[in-house]
Structures are given as structure tokens and as C-alpha cells.
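Just so it is clear, the model here is predicted, and its values are computed rather than measured. Chain letters run A, B, ... following the sequence lines, proteins first, then strands; residues in each count from 1.
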Protein chains: 2
Amino acid sequence: MMGVMTTRAESAAATRRALLDAAAELLDLGGPEAVTLREVGARAGVTRGAPYRHFTGKDSLLTAVAAESWERIGDQVHALRTDPALSASEKLRGALRALIDVSRNQPHLYQVLFRRRAKLPGQLGDGMDRIRRQLCGPEGDPAVADRAAERFQDEFLDIVAALVGERNARHYGALLLTSAHGIAGMELSGHLDTDRWHTTADELVGTLVRMVTEAGEMA
Amino acid sequence: MMGVMTTRAESAAATRRALLDAAAELLDLGGPEAVTLREVGARAGVTRGAPYRHFTGKDSLLTAVAAESWERIGDQVHALRTDPALSASEKLRGALRALIDVSRNQPHLYQVLFRRRAKLPGQLGDGMDRIRRQLCGPEGDPAVADRAAERFQDEFLDIVAALVGERNARHYGALLLTSAHGIAGMELSGHLDTDRWHTTADELVGTLVRMVTEAGEMA
DNA sequence: ATCATACAGTTGACAGCGTCATCTGAACCG
DNA sequence: CGGTTCAGATGACGCTGTCAACTGTATGAT
């Protein structure tokens, strides 16, 4: 077929890549429940046990997929921020739209991006050890995903700072980000019905940006 | 032990109640994955097959739990709205806090409340029928949960209308609700770090309400 | 050139899961 | 009193994530 794989490192890297791609594809198609290690392995040309050579388990695999997606979004927002042809307002709107686009085009991935990080033990007895380990256990390397997400946040923060000033950037940045996340989430879950609310996600983002811009200029 | 259960209807109703309570408890403890029909049945004093006499499956059971929670939240907001001792602003802040309180005290339940409703088929082949059926199938009666959620939305809408007028109520209501949802969600997922953003969920809600109130008075 | 090692990948096995078909027994109703 | 209904019990099936044990080959030192 294509280029021969001789060295073990190359082969392993290719397998890891194929596993990540297969997991991302299955995630898009049917959500985290459809991401089966057996099916992921099959699509990557290996068997069910192979993923455990690259990830500590299913959760680790999904976390890695999320990390790559955060990096991709971070790159996208970075390109927006450093584009001299765009106004500050356009950059902000673009960054928020980037997030909402993910929630529209890859809703399952979007939910994985905002999975809760720190999970508490809780009290569940008997044969619930599987759940407990899955909740508290050392799930892959969430630190990588966290760092990628924080890179996106930093890029976003810089865009907001250029609009409302460094002083209020963090407060208004948090407000913009959380609100856009909520708009995306409710649209995704079907709770933002246009007939009921007489508005759309895009209109809400527009109002939000306008209100924050005005408030930021006053301060 | 306690009151004797003679009639079949009483017994069935008691079992259904016990199933719902057990499911809610397990949901709080370990999320949807910890809600096992076997464990739910055990805690309700029945066996694994019994829940299928009251719900079409696990998803239907969780939907029923969500419906009851929405009704509870709706009652709570209704009480706020009709409380003559509260100002319109206080009512709004209280309603938003009611939602955020759920996300703090019962994070897993909160996520179930905002699970996506309409799910699309998608293209996944081979042995993925389980996923497909779970995604598209007739999952219990989501209509009940939808109606309960819409009741909450109506109550919330009335509160907003009293503050910004009937004309802009829907637009600003949607903005307030989605934003609060996003604040709750990001706090829940750990992406709203106080050290990073130099703000808290409560401060964000305060700013949000203030901005919307000012914008609504202008219009 | 040879050999021991590391290690990606395979395989077998296990417990737990959701779900259905089948069966049972007691409450129901004519 | 006898038939029916139906909540619940039980057996079975295929699926899942996970791990222990195994295999074979590229690697690196000799």
C-alpha cells in the first residue's frame, strides 16, 4: 500500500494516530457510548487490547481526543487574534462562533470538551468499584487536555482585553465565554427553542457582545 | 413492617416510587453510569427485570427522574415569582440561583436535566445497533420531561417580563437563562477557575442581571 | 553475527451491563 | 368460583471495559 512502516516507533505512532482518528469519528457518529475500544481497534486495524498500549483506558482515549480538539480550537482562535484584517469586535465574535460551531457540527465532541475534570469519590457500596475507579482513577493525562483548553482561554482573553481593556478583561471574558457556552449548550440540548424564545443563538451572541462592549467602554 | 400493601395498584405505585428514588440517589452518587437497573432494583427491593414493568428502559427511567426534578424546580421558581415580599430583581436572581444550586448540589442530575432531546440517527455500521436504538428509539416519555422543563421556562419568563417588559422578555429571558446555564456548566466542569478568571459564578450572575436590567430599561 | 531484551499487539477470560422471552403467582373481576 | 391480568422473578444473550498471559519482531548491546 502506502509507505512501508519499518521502525517500531513509526508503527506505534501510526497506530496511535489511527486510534485517535477512529475514536474521534465514532464519537461524532454516536457519542461516547459509541466509542467502543473493540470498534476503535477494528477501525485502526488492530484488536481490542491494542489501545491499552497507548492509553490507560477508554477514558484516557477520549481525553486525548478532547486535548487534540482543544489544540485545534486554540489554533483557530490564535489565527483570529493575529489577523490584522479583523476588528476587535470581529475577532471576539469569531472566537465565540468557533466554539458554537463545534457544538453544532460535532455536538458529541463538544460535550466531551466540557466534561467535568475533578470528580469526587462519593459513597456507593457493593459492586460499584468499577464506577468508583472510573470516577477517581488516574485517567490518562488530563493535564494535557487542561493545558490545551487553557491555551484557548488565553487566546480568547487577549481578544477580550483588546476590546474592554486589560483591567476588566478577565471578568468580562469569563462572562462572554460562559454565556456563549450556555447558548451553545442549550441550543445543543434542544432547550433553546426558536418558536418559544423568539430568538436564535446568533442573535443572543450579538446582544451579548454588544452589551459587554458598551459596559467595557464605560469602565 | 410499615403499612401493609394490599391492592396491586398501591404496590406498583410504591415500587415505581422506590425505583425513582433509588435512581435519583445513584445518579447523585455516581452519575448516569452508576445508575444500574440491577442496583436500582436491588435498592427498591425488586430484581433487575422489574423496572421494565414501569419504564421502557434505563433511558426512560433517567428521563422520569429528570421530569420530576424539573417539576420541583418549576415549583420553586413559581414560589419565587408569586412571593410579594420579593422585588423583581430579587426574583430573577433567585430563579437563576435555583438553577445554579442544582448544578452545585446535584451536578450529575443537572447534566441529565440538560441532556440533548432530539438525537439524530447517524451512520454507524456493523454491531452498533444498540447505540442506534438507544439514540433514536422511543425512549420512555420525554414529552413529560419536556413539559415540566417548559413550565419552568414559563415561570422564568414571567419573572423576566416583570423586569424588562413583555416586549423584550423572550430575548432577554433566553439570554439570561442560557448564560446562567453556561456559568453553571463551566463551573461544574471545572473550566471556570477563580484564580484564572479572577471572578466567581455569583459575580458573573450579578453582572449579567445588572447589564440586562439596564438594557431592558432603555428599550 | 548473535543473543537477550523491550514492547506493540494478540488472545483468553472475567465480571458487569441492558435487554428480552419466558415463567410464576397473586390480586383482580365477571 | 374460575379465568384473566399483570407485577415481578428468572434464564439467557450479546455487548462492554479491563486485565493477565502470551507471541513475535525490531532494537541494542555484545
Protein-nucleotide distance ([X], atom [atom1]; [N], atom [atom2]), rounded to Å:
| X | N | atom1 | atom2 | result |
| --- | --- | --- | --- | --- |
| B/R16 | D/dG8 | CZ | P | 12 Å |
| A/E33 | C/dT19 | CD | P | 10 Å |
| A/E39 | D/dG14 | CD | P | 18 Å |
| A/L19 | C/dA8 | CG | P | 12 Å |
| B/H54 | D/dC6 | NE2 | C1' | 10 Å |
| A/E10 | C/dC7 | CD | P | 17 Å |

From [options], nucleotide with atom closest to [X] side chain:
| X | options | answer |
| --- | --- | --- |
| B/L37 | D/dA9, C/dG9, C/dG18 | C/dG18 |
| B/T7 | D/dA12, C/dG18, C/dC28 | C/dC28 |
| B/K58 | D/dT18, C/dT10, C/dG18 | C/dG18 |

So which one's nearest nucleotide on DNA chain C is more toward 5', A/R53 or B/Y52?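 The 5'-side residue here is A/R53.
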
Under-4.0 Å salt bridge between A/R48 and A/E39: no

Could B/D154 and B/R147 be called an ion pair, given the rule that one side-chain N must be under 4.0 Å from one carboxylate O? no

Quick check on C/dG9: is either OP1 or OP2 less than 4.0 Å from any side-chain nitrogen or oxygen of A/T15? yes

For the residue pair B/F114 and B/W70, is the inter-centroid distance of their aromatic rings smaller than 6.0 Å? yes

Is any side-chain N or O of [X] under 3.5 Å from a base N or O of [N], one able to act as donor and the other as acceptor?
| X | N | result |
| --- | --- | --- |
| B/R38 | C/dG16 | no |
| B/R48 | D/dG11 | yes |
| B/R8 | D/dT5 | yes |

What's the separation between atom CG in B/D21 and atom CZ in B/R16, rounded to the nearest 0.5 Å?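 B/D21 atom CG to B/R16 atom CZ measures 11.0 Å (nearest 0.5 Å).
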
Atom CZ in A/F55, atom CG in A/L37: separation rounded to 0.5 Å? 10.0 Å

Under 4.0 Å, counting only non-hydrogen atoms across every strand here, what does A/V35 touch: a base, just sugar-phosphate, or nothing? sugar-phosphate

